[in-house]
Protein chains: 2
Amino acid sequence: MNKATLTRLNILQKSFELVYKNGYQATSIDDIIATMKVTKGAFFYHFKSKDEMGLAMVKEVMRPGMYDTLIIPLVAAEDPLTAIYEMMEGLLSDTLFFDARYGCPAMSMIAEMASVNESFREELGFQVKQWQEAMSSSLENGRKKGIVKQEVHPGQVALFLTSGYAGIRNTGKVFGREVYDVYLKELKIYLEQLRCD
Amino acid sequence: MNKATLTRLNILQKSFELVYKNGYQATSIDDIIATMKVTKGAFFYHFKSKDEMGLAMVKEVMRPGMYDTLIIPLVAAEDPLTAIYEMMEGLLSDTLFFDARYGCPAMSMIAEMASVNESFREELGFQVKQWQEAMSSSLENGRKKGIVKQEVHPGQVALFLTSGYAGIRNTGKVFGREVYDVYLKELKIYLEQLRCD
DNA sequence: CATAAAACATACTAATTAGTATCTTATGAA
DNA sequence: TTCATAAGATACTAATTAGTATGTTTTATG
């Protein structure tokens with residue numbers, strides 16, 4: 001990894017952190033370069049425009065992050081219902097970096113940018129769809145193994161679940177992380193009701 | 001209603017429409033006054049700042065709108081489960097004004113402004129809580145009447161439902177209104193499972 | 001009608017924005 | 001070492017922003 005690509009990645013990483021806390025449009029290029037040892041010349045050497053940087057950020061920082069936390073844990077899951085619950089629990093308790101106040105990076109980005117920038121919408125849509133499909137095939141798998149009820153519609157449930165997650169992250173912005181626990185309780189009930197008796 | 005308070009309300013109404021489509025921070029005062037027959041003098045006569053206008057907009061335009069569509073239909077409901085489903089169906093099929101592309105005005109506002117402006121967060125929190133409480137007492141009522149299962153936790157379910165709605169509106173921003181129908185199908189299953197056998 | 005205050009209009013300001021023009025310095029291959 | 005290019009630095013620009021200063025017009029009330 002040479003120095004140049006490192007500054008590039010640093011810009012993307014730092015931008016992600018700022019965008020996560022302040023929103024994409026509210027984060028100016030001046031903000032970004034001010035919080036790190038980079039000048040405007042460097043920024044515009046690596047990216048033609050703010051939006052090009054933003055898209056690279058979504059693709060190169062957010063996508064791998066989502067893949068590791070949202071896809072990987074599902075593919076090898078023995079019991080999809082438990083795996084999904086534990087994933088949600090993990091997502092909603094990881095206060096290391098993510099903050100209830102700022103919600104989910106991807107969902108916030110969707111809320112702000114989906115109708116503003118078509119490329120952003122496409123890429124974020126791809127990522128959400130990936131998550132849904134991972135859940136869906138995990139549930140389908142559980143159905144074949146006799147863990148999940150036959151009448152369950154995996155794709156439908158996956159949409160219900162991913163949307164529910166997006167929603168609770170939004171709700172958490174208003175009421176704080178206490179709502180996470182209440183949500184998780186009801187989620188568990190919902191998921192268990194999908195399980196074969 | 002005298003002329004002055006009418007211009008005030010016009011500013012609030014027009015602002016709401018612009019904010020709904022473009023977001024709060026992306027909507028400039030110049031945008032607002034340009035799309036209607038009002039000048040900057042009038043704007044700043046009625047409001048000390050953009051944020052004061054924004055808060056008035058949330059309180060005086062959004063709050064009554066939410067009350068009429070989210071609270072009223074629940075208080076007199078005979079069967080809460082059917083009432084809730086039909087409310088959701090109504091919310092997700094009303095293409096008169098609301099557009100899947102732009103999501104739910106209140107939820108989008110929360111996503112963008114909850115962590116930026118404390119007053120906005122408070123007021124929007126109040127409105128969401130009102131909705132949750134209306135659902136909760138409606139469910140509690142149904143439980144007493146033997147419509148809703150005894151083991152159901154009304155407040156917990158209310159949070160689950162309102163968050164789910166917020167989530168599907170966000171998802172709709174990415175994939176369009178088709179996801180609404182899929183969501184509604186799973187919602188119906190979820191709600192029916194709360195009903196006494 | 002007179003007049004004071006309310007309601008609005010116009011022209012500005014200072015700060016911030018994305019982006020550019022032009023420079024300097026670092027790096028790697030011959 | 002040389003030198004071309006990659007990488008980065010600096011100083012600008014034009015547009016947009018929220019907000020202000022200072023005007024003019026409308027409206028209600030005596």
Side-chain angles (χ1 to χ4, degrees), chain A residues 1-61 109 112-113 115-120, chain B residues 1-61 109 112-113 115-120:
Chain A
M1 176 101 62
N2 62 51
K3 201 157 166 280
T5 53
L6 202 83
T7 38
R8 198 191 114 96
L9 290 182
N10 274 337
I11 291 172
L12 293 178
Q13 182 61 38
K14 195 72 205 172
S15 295
F16 172 66
E17 291 165 23
L18 288 173
V19 167
Y20 174 55
K21 293 194 179 165
N22 309 318
Y24 176 78
Q25 297 179 97
T27 303
S28 72
I29 295 172
D30 287 334
D31 285 340
I32 296 165
I33 64 175
T35 54
M36 56 192 299
K37 291 232 169 300
V38 173
T39 63
K40 198 160 274 198
F43 184 97
F44 279 96
Y45 172 77
H46 288 287
F47 308 101
K48 276 211 292 284
S49 67
K50 186 191 175 186
D51 280 3
E52 188 182 291
M53 185 282 295
L55 191 60
M57 182 199 84
V58 180
K59 284 188 180 178
E60 299 174 36
V61 178
M109 193 98 189
E112 184 188 1
M113 297 303 293
S115 67
V116 173
N117 187 306
E118 176 67 14
S119 302
F120 284 31
Chain B
M1 176 103 61
N2 63 50
K3 203 158 165 281
T5 53
L6 202 84
T7 38
R8 198 190 113 97
L9 290 181
N10 274 336
I11 291 172
L12 293 178
Q13 182 60 38
K14 195 72 205 173
S15 294
F16 171 66
E17 291 164 24
L18 288 173
V19 167
Y20 174 55
K21 292 192 179 168
N22 308 319
Y24 177 78
Q25 297 179 100
T27 303
S28 72
I29 295 172
D30 287 333
D31 285 340
I32 296 166
I33 63 175
T35 55
M36 56 192 300
K37 291 234 168 300
V38 173
T39 63
K40 199 160 271 196
F43 185 97
F44 279 97
Y45 172 76
H46 288 288
F47 309 101
K48 277 209 293 281
S49 68
K50 186 191 176 185
D51 280 2
E52 187 183 291
M53 186 282 295
L55 190 60
M57 183 199 84
V58 181
K59 283 189 177 175
E60 298 173 36
V61 178
M109 193 97 190
E112 184 188 0
M113 298 302 295
S115 68
V116 172
N117 185 308
E118 175 68 15
S119 303
F120 285 30

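Just so we're on the same page: letters track the sequence lines, and every chain starts at 1.
A straight line from CG of A:D31 to C1' of C:dA15 spans 13 Å, rounded to a whole angstrom. At whole-Å resolution of the value, CZ in A:F47 and P in D:dA7 are 12 Å apart. Atom pair A:Y45:OH and C:dT27:P shows a separation of 13 Å (rounding to whole Å applied). Straight-line distance from the CG atom of B:L6 to the C1' atom of D:dT26: 15 Å, rounded to whole Å. Rounded to an integer number of Å, the gap from CD1 of B:I33 to P of C:dT10 is 11 Å. The nearest whole Å value for the distance from the CD1 atom in B:I29 to the P atom in D:dT17 is 10 Å. Rounded to whole Å, atom P of D:dA18 lies 15 Å from atom CD of B:E52. C:dA7 atom P lies 16 Å from atom CZ of B:F43, rounded to whole Å.
With D:dG19, D:dA9, C:dC8 as the choices, the nucleotide that has an atom nearest any side-chain atom of B:S49 turns out to be D:dG19. Residue B:K50 places its side chain closer to D:dG19 than to any other of D:dG19, C:dC8, D:dG8. Relative to the side chain of A:F44, the nucleotides C:dT20, D:dT17, C:dC8 differ in distance, and C:dT20 lies closest.
Along DNA chain D, the nucleotide nearest to A:A4 and the one nearest to B:D30 differ in position, and the one closer to the 5' end is contacted by A:A4. Nearer the 5' end of DNA chain D, as judged by each residue's closest nucleotide, is the contact made by B:T27, out of B:K3 and B:T27.
When heavy atoms are screened at a 4.0 angstrom cut-off, A:N2 is found touching no nucleic acid atom at all.
With hydrogens and angles left out, the side chain of A:K40 and the base of C:dG19 share a donor-acceptor pair within 3.5 Å.
Using a 4.5 Å heavy-atom cutoff, the side chains of A:I29 and A:F44 are in contact.
A sub-4.0 Å separation between OP1 or OP2 of D:dT16 and a side-chain N or O of B:S28 is absent. A sub-4.0 Å separation between OP1 or OP2 of D:dA6 and a side-chain N or O of A:H46 is absent. Applying the 4.0 Å criterion to OP1 and OP2 of C:dA7, one finds that B:T7 has every side-chain N and O outside that range.
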Evaluate side-chain hydrogen bond (donor to acceptor under 3.5 Å, both in side chains) for A:T7 paired with A:N10, printing each intermediate quantity in order. CA-CA 5 Å; A:T7 38; A:N10 274 337; over 6 Å; no
Could you go through the side-chain hydrogen bond (donor to acceptor under 3.5 Å, both in side chains) check for B:Q25 and A:Q25 one step at a time? CA-CA 8 Å; B:Q25 297 179 100; A:Q25 297 179 97; over 6 Å; no
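Considering B:M53, B:K50, B:K40 in turn, B:M53 is the only one that fulfils the side-chain contact (heavy atoms from CB on, under 4.5 Å) rule with B:I32.
Between B:L18 and B:T27 the shortest heavy-atom distance is O-OG1, 3.5 Å.
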